[in-house]
Amino acid sequence: MLKQRLMTLSIVSWVLFSAMNLLMSSKLVALGHPLQMSAIIRSIIISLVLYALPMIWGALGHNSGYYLLAMVIVIYSFGLFNGIVTVMFTSHAVLGIKLAVSIANLLVIVFNGYWMVLALRYRHLLDDKRDKDKLEEIKQMQQKRAKQNK
């Protein structure tokens, strides 16, 4: 259940990042330099690949995929923070638009933080399961030894 929720929220995280990427490159933000649509599309495709590969790896049962995905999400969250700084200091838009875009970036960062909390819970769940299985194995070994010593 938690694994499926992580996957769903990962997709939402990518969609939110892509939306912010499109918003930041729009004329509405007025950064002062024109951005080519091919560069924006390339950025979205690269982010899709960077999100999708660890998600597929995790879905195939390799939990290391979630670690890679967490790293991707953290890196993109830093990019969103950079978006806040960029909008506030280099945008020629009116203050209301600057604030709205900055708040939108901040909300996506908070959402990514929520994803991290769920990922840590999933990791804790896996650790507890591993520890429980190991404890059971140790108890069985102790019971075998006790039977052998009788």
Side-chain angles (χ1 to χ4, degrees), residues 1-140:
M1 171 76 174
L2 189 56
K3 189 176 182 178
Q4 182 181 17
R5 195 167 170 198
L6 274 174
M7 286 296 198
T8 303
L9 293 179
S10 300
I11 294 167
V12 172
S13 176
W14 175 77
V15 169
L16 290 172
F17 170 78
S18 298
M20 290 310 303
N21 195 11
L22 289 171
L23 179 63
M24 290 293 294
S25 60
S26 72
K27 291 181 181 181
L28 178 70
V29 178
L31 290 176
H33 51 81
L35 294 172
Q36 295 180 352
M37 193 52 126
S38 63
I40 297 165
I41 291 172
R42 192 174 328 120
S43 172
I44 290 174
I45 290 171
I46 290 170
S47 69
L48 176 63
V49 169
L50 288 174
Y51 268 82
L53 290 179
M55 286 172 49
I56 292 168
W57 187 248
L60 292 174
H62 303 281
N63 290 321
S64 60
Y66 295 106
Y67 298 119
L68 293 173
L69 186 56
M71 189 172 63
V72 168
I73 289 175
V74 165
I75 290 169
Y76 278 120
S77 293
F78 279 118
L80 291 165
F81 178 74
N82 184 41
I84 294 171
V85 173
T86 301
V87 165
M88 291 311 260
F89 293 109
T90 63
S91 174
H92 302 296
V94 296
L95 184 60
I97 291 175
K98 287 182 178 183
L99 286 175
V101 172
S102 295
I103 289 171
N105 272 319
L106 185 63
L107 289 174
V108 176
I109 291 169
V110 168
F111 179 85
N112 287 344
Y114 177 68
W115 186 93
M116 290 294 174
V117 168
L118 289 182
L120 288 172
R121 285 183 188 166
Y122 181 64
R123 164 78 191 271
H124 184 68
L125 186 120
L126 291 176
D127 286 347
D128 286 349
K129 182 183 180 309
R130 182 199 62 219
D131 292 347
K132 184 179 176 183
D133 292 346
K134 190 68 173 173
L135 182 62
E136 189 63 35
E137 183 182 316
I138 290 170
K139 285 181 180 179
Q140 288 176 356

Residue pair Leu53, Val72: steps toward the side chain to side chain contact (heavy atoms under 4.5 Å, CB included) verdict
CA-CA 11 Å; Leu53 290 179; Val72 168; over 6 Å; no

To the nearest 0.5 Å, what is the distance between CG on Asn82 and CE on Met24?
7.5 Å

Please determine whether side chain to side chain contact (heavy atoms under 4.5 Å, CB included) holds for the pair Val117 and Arg121, giving the CA-CA distance in whole Å, both sets of side-chain angles, and the decisive distance to 0.1 Å.
CA-CA 6 Å; Val117 168; Arg121 285 183 188 166; 3.9 Å; yes

For Phe17 and Leu48, run side chain to side chain contact (heavy atoms under 4.5 Å, CB included): C-alpha distance rounded to whole Å, both residues' side-chain angles, the deciding distance at 0.1 Å, then the answer.
CA-CA 10 Å; Phe17 170 78; Leu48 176 63; over 6 Å; no

Atom pair CG (Leu80) and OG1 (Thr86), whose distance is rounded to the nearest 0.5 Å:
11.0 Å

Would Asp133 and Arg130 count as a side chain to side chain contact (heavy atoms under 4.5 Å, CB included) if you check the C-alpha gap in whole Å, the side-chain angles of each, and the deciding distance to 0.1 Å?
CA-CA 5 Å; Asp133 292 346; Arg130 182 199 62 219; 5.8 Å; no

Run the side chain to side chain contact (heavy atoms under 4.5 Å, CB included) test against Leu135 and tell me which residues pass, sequence neighbours left out.
Lys139

Separation between CG of Leu6 and CG of Leu69, rounded to the nearest 0.5 Å
8.5 Å

Rounded to the nearest 0.5 angstrom, the CD-CG distance for Gln4 and Leu9 is 10.5 Å

Quick check: do Leu99 and Met88 have side-chain heavy atoms less than 4.5 Å from each other?
yes

Summary of ring-ring contact (aromatic ring centres under 6.0 Å, His included) pairs that have at least one residue in residues 78-133, sequence neighbours excluded
Tyr66-Tyr122

With distance as the sole test, does Ser25 use its side chain to make a donor-acceptor pair with the main-chain N or O of Leu22 at under 3.5 Å?
yes

Rounded distance (nearest 0.5 Å) linking atom CG of Asn112 with atom CD1 of Ile75:
12.0 Å

Can you spot which of Ser47, Ser13, Ser43 makes a side-chain contact (heavy atoms from CB on, under 4.5 Å) with Ser18?
Ser47

What is the distance from atom CE of Met55 to atom CG of Leu60, rounded to the nearest 0.5 Å?
11.5 Å

